[in-house]
Amino acid sequence: MQDHEVIDRAAERWASGARADALMSLRTRVRAAPAALEVRLALVERYRELGAPDQAGRWGLAVPGLTTSEEQDRAARLFAASGVDESGLATFLVLPAGSALPAEVVALLPEIDRYRQVFQQKAYERWRGADRSTDRLGDALEGVLITLVCSWLATLAIVWGGSILGAQMTNVARWASLLSLTLCGLFSGMMAFRRGAARRPWAAVGWGAACLALFVGVLRLLALATEHDGVIRFAWEH
């Protein structure tokens, strides 16, 4: 198929709304025949119509003086983001075999390096941000665990202390247990959320089930206390 036939067929597909097919046919032709100037020009114009200056720059830089400054800048960003180094630019630009890099591309090399450093820095900052978030979450979980341990210790201290003094500590112990169950439920809920965020669904389901069971128990104890004027009394104690 001749170049003009490829261009005409791509134009027909473009007009019919099959823009992806039109672009693919033009790219395929350029890759098969990198020196096909008219096809390359048609491809660049289509990308310009789409408002894709990065792709227009990528395919147009092989033609001296064709690309705009914006297209060159966007192409530099594209090269940096794609991880293409200087040795791979000729292939990425689909230059004719044995062709040297165009002067405009050589002039872009410092800008490509600058964008690569910018992207690496942004990736590092995102990673550090996620790391700090994980640290904060770990601190929160540690605080919850410490609270849980302290609540259990307080419960034991109150119950044993009251027993030693001869006080009736049954209701106090039950309310302290209710508080501990509530804190355990909150901790389980937090762990379920954390496992879900880490894309560990089965662990999230397990922690979620524990959270639900604990809060069912808490609600049942509160219901008993409501029925008996603030005293948590079980059915067998009536």
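Numbers here are sequence positions counted from 1. Atoms considered below: every heavy atom in the structure, side chains included; atoms not considered: hydrogens, waters and symmetry mates.
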>> Given 3.5 Å as the limit, does a donor-acceptor pair link the side chain of R31 with the main chain of V94, or not?
In response: no
> If you group Ile, Leu, Val, Met, Phe, Trp and Tyr by side-chain heavy-atom gaps below 4.5 Å, do V106 and F92 land in one group?
Replying inline: yes
> Is there a donor-acceptor pair under 3.5 Å between the side chain of E71 and the backbone N or O of T68?
Replying inline: yes
> Should L61 and F79 be marked as a side chain to side chain contact (heavy atoms under 4.5 Å, CB included) after you check the CA-CA gap, both sets of side-chain angles, and the distance that decides it?
Replying inline: CA-CA 12 Å; L61 278 168; F79 301 153; 3.9 Å; yes
>> Between the side chains of R19 and E49, is the shortest nitrogen-to-carboxylate-oxygen separation below 4.0 Å, so that they form an ion pair?
In response: no
> Is there side-chain contact between L224 and R220, with at least one heavy-atom pair below 4.5 Å?
Replying inline: yes
> Side chain of R116, backbone of A81: donor and acceptor closer than 3.5 Å?
Replying inline: no
> Once you round to the nearest 0.5 Å, how far does CZ of R40 lie from CG of L66?
Replying inline: 9.5 Å
>> Please find the pair of heavy atoms, one from A192 and one from G208, that lie closest to each other, and give the distance.
In response: CB-N, 3.6 Å
>> Within this structure, what is the CG-CG distance for the pair D73 and L78, rounded to the nearest 0.5 Å?
In response: 11.5 Å
> Is there a side-chain contact between L109 and L89, using heavy atoms and a 4.5 Å cut-off?
Replying inline: yes
> What heavy-atom pair brings P110 and A107 nearest, and what distance separates the two atoms?
Replying inline: CD-O, 3.4 Å
> Using a side-chain heavy atom cutoff under 4.5 Å and only I, L, V, M, F, W and Y, what cluster partners does V216 have?
Replying inline: L212
> Any donor and acceptor pair, going by atom type alone, linking the side chain of S16 with main-chain N or O of R13 inside 3.5 Å?
Replying inline: yes
>> Are P102 and V105 packed together at the side-chain level, in the sense that at least one heavy-atom pair is separated by less than 4.5 angstrom?
In response: yes
>> Rounded at 0.5 Å granularity, tell me how far CZ in R27 sits from CZ in R46.
In response: 13.5 Å
> Shortest non-hydrogen contact from A10 to A22?
Replying inline: O-CB, 3.3 Å
> Can you tell if the side chain of L93 reaches within under 4.5 Å of the side chain of W59, non-hydrogen atoms only?
Replying inline: no
>> Listing request: all salt bridge (charged side-chain N to carboxylate O under 4.0 Å, His left out) pairs with a residue in residues 94-111, at least two apart in sequence or in separate chains.
In response: E111-R114
>> Using side-chain heavy atoms (C-beta onward) and a distance below 4.5 Å, is R48 in contact with P53?
In response: no
> Going by heavy atoms in the side chains, are L101 and L95 under 4.5 Å from each other?
Replying inline: yes
>> Could you go through L23 and L50, starting from their C-alpha distance and side-chain angles, then the distance that decides it, and tell me whether this counts as side chain to side chain contact (heavy atoms under 4.5 Å, CB included)?
In response: CA-CA 11 Å; L23 291 171; L50 281 180; 3.5 Å; yes
> So which heavy atom on A210 is nearest to which on S188, and how close?
Replying inline: CB-OG, 4.1 Å
> Which heavy-atom pair separates Y115 from A80 by the least distance, and what is that distance?
Replying inline: CB-CB, 3.7 Å
> Quick one: are L26 and W14 in side-chain contact, heavy atoms under 4.5 Å?
Replying inline: no
> Do you reckon V6 sits in the same ILVMFWY cluster as V63, going by side-chain contacts under 4.5 Å, direct or chained?
Replying inline: yes
> Ion pair present between D54 and R58, side-chain N to carboxylate O less than 4.0 angstrom?
Replying inline: no
> Do M24 and L43 share a hydrophobic cluster, counting only Ile, Leu, Val, Met, Phe, Trp and Tyr and linking them when any side-chain heavy atoms are less than 4.5 Å apart?
Replying inline: no
> To the nearest 0.5 Å, how far apart are CG in D3 and CG in L41?
Replying inline: 11.0 Å
